[in-house]
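Just below is one structure, and these are the notes that go with it.
First listed ligand is number 1; within each ligand, the first listed atom is number 1.
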Amino acid sequence: MKKKWWHEAVVYEIYPRSFKDSNADGIGDIKGLISKLDYLKELGINTIWVCPFYDSPMHDNGYDVSNFFEIAGDYGTLDDMKCLIKELDRRDMKIIADLVLNHTSDEHSWFVESRSSLDNPKRDYYIWKDGKGDDTPPTNWEGFFGGPTWVKGKTTNQWYMKLFTDKMPDLNWESQAMKNELYEMIKWWIDLGVDGFRVDAVAHLGKHQEFNDGEVHEGNKYSRAYHNYSTLPVLDKYIRELCKEAFHGTDVMTVGEAGSGASVRDAHLYSDGTDDKFSMLFTFDHCWMDSDSGDHRVPGKWNTRNEMKVKRFQDVCKSWYDGMYGTAWNTLYWSNHDQPRVVSHYGNDGEYRVVSAKMLATTLYLLWGTPYIYNGEEIGMTNIEMGLEEYDDPEVFTFHKEAIEAGVPEETVMHMIKNVARDNARTPMQWNDSPNAGFTKGKPWLKVNDNYKEINVESQLEDPHSIFTHYKKVLNFRHNKYKDLIVYGKVNFLTIGDESVMAYTREDDHKKIMVISNFFEKEQTRSFDLVGKNVILSNYNDSKFDLTSITLRAYESIVIEL
Ligand code: TEU
Ligand code: CA
């Protein structure tokens with residue numbers, strides 16, 4: 001496989017609204033982001049992914065784009081963006097923009113036109129269908145944030161399709177004119193200096209054109225028949241055309257977000273090592289290691305146990321590795337703006353917060369793939385507990401309403417929200433122990449976690465035992481003498497089937513290392529037919545490495561040169 005710059009990328013995801021506010025309006029912005037580039041450089045980051053910064057009514061914090069060619073007023077101006085690109089260049093860093101191609105805001109001029117009449121030239125930019133009756137939508141499909149996937153238009157009698165909120169109508173990928181406008185827009189951003197794109201919700205671009213009803217589970221109002229709009233074979237055609245029209249002949253990297261329904265069997269639909277597909281894809285199997293079908297009254301993701309299923313996790317890592325090593329490229333991430341904080345989710349955010357956060361970092365980011373660190377993860381930020389009225393995310397409110405209507409007790413619903421809500425990841429970045437964690441001098445748009453006095457960047461920067469310093473060490477493996485080994489070396493999973501311990505080796509023609517981690521508090525002893533030379537990284541100060549019988553303490557994680 002030909003080497004590419006993005007094989008060596010160490011990416012940091014920034015949720016601009018929550019990262020750093022420069023003008024005391026309580027909202028993070030581009031100028032604030034620029035002021036933190038040196039911090040990111042220090043951490044070992046060479047690429048940033050910035051969540052949508054386009055003009056938007058901010059109903060879904062920018063994933064509802066109303067103008068692709070303007071910067072959201074909350075975040076700054078196009079000049080600020082050009083300045084950001086220049087400042088990144090100066091530091092030898094790259095920028096990946098979020099690209100939302102599945103839907104726009106209902107305030108986008110295309111939609112304003114499209115909804116105005118049946119024969120508007122932009123009518124087919126979106127998906128309009130007749131209902132089954134005056135109040136019955138065209139299909140019984142359920143959207144990702146609950147409720148039907150259809151909203152009745154105001155001017156005509158037809159319904160428009162939307163997978164997310166009512167204010168985010170889905171674009172019609174069967175319209176060539178619409179796609180051509182998207183391709184032009186993408187090229188405009190490449191010309192401006194963007195180095196790559198994270199392609200949002202790409203699994204859902206294709207819709208089953210027959211628009212048939214799906215099966216409804218007993219007790220549910222709508223059909224969770226996601227196969228009607230997830231990972232359809234037609235994506236092969238769409239993605240090839242998108243890559244050809246927008247990316248061929250450039251050095252741009254692309255990462256497709258292949259959400260619900262995309263299994264390793266579908267990997268090559270999205271990414272196959274050629275320029276005709278995405279450079280890599282975000283998979284989700286590992287995000288829901290601890291959810292089960294549980295309570296059918298609520299969608300699966302809310303049935304979370306906050307306990308890592310290590311056996312399942314290892315199977316998932318191995319199957320994606322087997323499916324892609326040598327033929328495509330992988331991504332490695334624990335968290336993003338849609339997932340709960342990883343140390344609360346899969347680690348221990350109480351007594352073992354520090355040691356478990358370090359263990360999670362070592363275990364994942366030394367695997368094969370491009371790492372994506374989510375802002376705040378590198379200091380071990382945790383989930384937050386809030387009252388319903390303190391949340392911001394529209395998903396929380398539709399979920400709450402529907403779960404209560406379905407008969408789930410209030411206490412259970414609030415417990416699910418506390419564990420799973422996306423706002424857990426969106427609370428402001430904790431920079432120091434001054435008011436509002438140094439994020440803003442105004443009133444933050446979302447509550448700052450009360451634990452900021454204990455958990456913040458400033459207190460960790462110089463501390464040799466901090467989570468931040470540990471992340472630096474882990475990421476440094478991708479820059480120092482182990483670089484080729486970690487970026488390109490083979491993985492051999494040693495503990496498939498193990499419920500608590502995960503161990504693997506990385507190997508190339510020159511070097512071999514082993515990573516071994518205990519995911520829980522309880523001590524574990526394991527034996528390996530391997531001889532260790534020395535410990536090259538650990539989350540304890542005095543880790544031992546006789547591999548014929550190695551005992552791992554609570555959340556202990558060791559990297560050993562073999
Ligand atoms: O998320 C996409 C997304 O939520 C689905 O693709 C996913 O399969 C589903 O949620 C599974 O439960 C992206 C963004 O990351 C998110 O923040 C946005 O709200 C969403 O798209 C709409 O743009
Ligand atoms: Ca601001």
Side-chain angles (χ1 to χ4, degrees), residues 13 15-35 49 51-54 56 58-65 71-77 80 98-105 142-146 149 162-171 198-206 224 226-227 229-231 235 255-263 266 270 281-285 287-288 291 298-304 333 335-339 372 374 392-396 398-399 420-423 425-426 428 436 439-445:
E13 182 195 351
Y15 201 63
R17 209 171 183 74
S18 304
F19 195 57
K20 176 68 187 165
D21 176 22
S22 73
N23 61 349
D25 66 354
I27 299 172
D29 45 54
I30 299 172
K31 284 206 172 94
L33 199 176
I34 294 173
S35 73
W49 151 28
C51 290
F53 42 67
Y54 314 98
S56 162
M58 295 289 167
H59 190 62
D60 191 22
N61 291 343
Y63 282 94
D64 47 331
V65 180
I71 301 295
D74 283 350
Y75 299 158
T77 63
D80 293 338
D98 221 301
L99 200 52
V100 191
L101 305 180
N102 179 71
H103 46 268
T104 66
S105 162
E142 183 179 68
F144 286 118
F145 297 162
T149 58
K162 56 94 197 172
L163 287 178
F164 297 94
T165 79
D166 290 3
K167 284 182 62 60
M168 297 156 82
D170 277 50
L171 287 163
R198 176 258 189 194
V199 193
D200 185 65
V202 74
H204 313 305
L205 299 185
R224 289 188 195 131
Y226 298 143
H227 60 265
Y229 47 80
S230 302
T231 306
L235 287 184
V255 48
E257 187 206 15
S260 49
S263 75
D266 311 306
Y270 296 97
L281 71 155
F282 282 132
T283 64
F284 281 78
D285 283 348
C287 292
W288 296 304
S291 56
V298 302
K301 80 173 230 186
W302 299 95
N303 285 302
T304 290
Y333 74 96
S335 3
N336 62 33
H337 62 287
D338 294 334
Q339 300 295 328
Y372 289 75
Y374 178 64
D392 172 83
D393 184 0
E395 184 188 28
V396 164
T398 35
F399 166 68
V420 184
R422 306 191 298 177
D423 282 339
R426 300 175 178 183
N436 296 320
F439 161 71
T440 180
K441 293 212 160 62
K443 186 179 173 321
W445 71 277

> Heavy-atom contact under 4.0 Å between Glu395 and ligand 1?
Replying inline: no
> Does Glu13 reach the side chain of Tyr372, with side-chain heavy atoms less than 4.5 Å apart?
Replying inline: no
> Do Asn102 and Asp200 have side-chain atoms, one donor and one acceptor, less than 3.5 Å apart?
Replying inline: no
>> Checking one value in my table: which N/O/S atom of Asp25 lies closest to the Ca ion (ligand 2)?
In response: OD1
> At what distance, to the nearest 0.5 angstrom, does CG of Asp29 lie from CG of Asn23?
Replying inline: 5.0 Å
> Taking atom types as modelled, is there a side-chain donor on Tyr63 or Asp98 under 3.5 Å from an acceptor on the other?
Replying inline: yes
>> I'd like to check which ligand 1 atoms, numbered from 1 as shown, lie under 4.0 Å from a non-hydrogen atom of Gly259.
In response: 8 (O)
> Taking 4.0 angstrom as the limit, do Arg422 and Asp393 come out as a salt bridge?
Replying inline: yes
>> Show the atoms of ligand 1 that are less than 4.0 angstrom away from any heavy atom in Arg426.
In response: 17 (O)
> Any idea which atoms of ligand 1 are less than 4.0 Å away from a heavy-atom of Arg422?
Replying inline: 16 (C), 17 (O), 18 (C), 19 (O)
> Among protein heavy atoms, which lies nearest atom 19 (O) of ligand 1, and at what distance?
Replying inline: Asp60 OD2, 2.5 Å
>> I need the nearest protein heavy-atom contact for atom 1 (O) of ligand 1: residue, atom name and distance, please.
In response: Glu257 OE2, 3.3 Å
>> Salt bridge check, Asp74 against Arg17: does any charged N sit closer than 4.0 Å to a carboxylate O?
In response: yes
>> For the Ca ion (ligand 2), give me the closest N/O/S atom belonging to Asp29, just the atom name.
In response: OD2
> In terms of heavy-atom contacts, does NZ of Lys31 have more than 12 from other residues, nucleotides or ligands at under 6.0 Å?
Replying inline: no
>> Check the orientation of Tyr333 and Phe282. Use parallel for under 30°, tilted for 30 to 60°, and perpendicular for over 60°.
In response: perpendicular
> Can you tell which part of Gln339 has a heavy atom less than 4.0 Å from ligand 1: side chain, backbone, both or neither?
Replying inline: neither
> Tell me: protein heavy atom nearest atom 14 (C) of ligand 1, and distance?
Replying inline: Asp200 OD1, 3.1 Å
> At a 4.0 Å cut-off, with the gap strictly under it, does some heavy atom of Phe145 reach an atom of ligand 1?
Replying inline: yes
>> To make sure I understand the geometry: which N, O or S atom in Asp21 is closest to the Ca ion (ligand 2)?
In response: OD1
> What is the nearest protein non-hydrogen atom to atom 20 (C) of ligand 1, stated with its residue, atom name and distance?
Replying inline: Phe164 CE2, 3.7 Å
> What residue and heavy atom of the protein are closest to atom 6 (O) of ligand 1, and at what distance?
Replying inline: His204 NE2, 2.9 Å
>> Between ligand 1 and Trp288, is the shortest N or O to N or O distance under 3.5 Å?
In response: no
>> With the threshold set at under 4.0 angstrom, would you say Arg198 reaches ligand 1 through any of its heavy atoms?
In response: yes
> Short N/O distance, under 3.5 Å, between His103 and ligand 1?
Replying inline: yes
> Is any N, O or S atom of Lys31 under 3.0 Å away from the Ca ion (ligand 2)?
Replying inline: no
> Tell me: protein heavy atom nearest atom 8 (O) of ligand 1, and distance?
Replying inline: Ser260 N, 3.0 Å
>> Quick check: Phe439 with Phe19 (ring centres under 6.0 Å apart)?
In response: no
> With the Ca ion (ligand 2) at the center, what angle do OD1 from Asn23 and O from Ile27 span, rounded to 10 degrees?
Replying inline: 150°
> What residue and heavy atom of the protein are closest to atom 17 (O) of ligand 1, and at what distance?
Replying inline: Asp338 OD1, 2.7 Å
> Side chains of Ser56 and Asp64: do they bring a donor and an acceptor to under 3.5 Å?
Replying inline: yes
>> the Ca ion (ligand 2) and Tyr75: any N/O/S contact shorter than 3.0 Å?
In response: no
>> Whether the side chain of Asp423 engages the backbone of Asp392 through a donor-acceptor N/O pair (distance < 3.5 Å, no angle test) should be reported.
In response: yes
> Are Tyr75 and Phe53 close enough that their ring centres sit under 6.0 Å apart?
Replying inline: no
>> Regarding Asn61 and Tyr15, do their side chains bring together a donor and an acceptor under 3.5 Å, going by distance alone?
In response: yes
> Is the distance between the Ca ion (ligand 2) and the nearest N/O/S atom of Asp74 smaller than 3.0 Å?
Replying inline: no
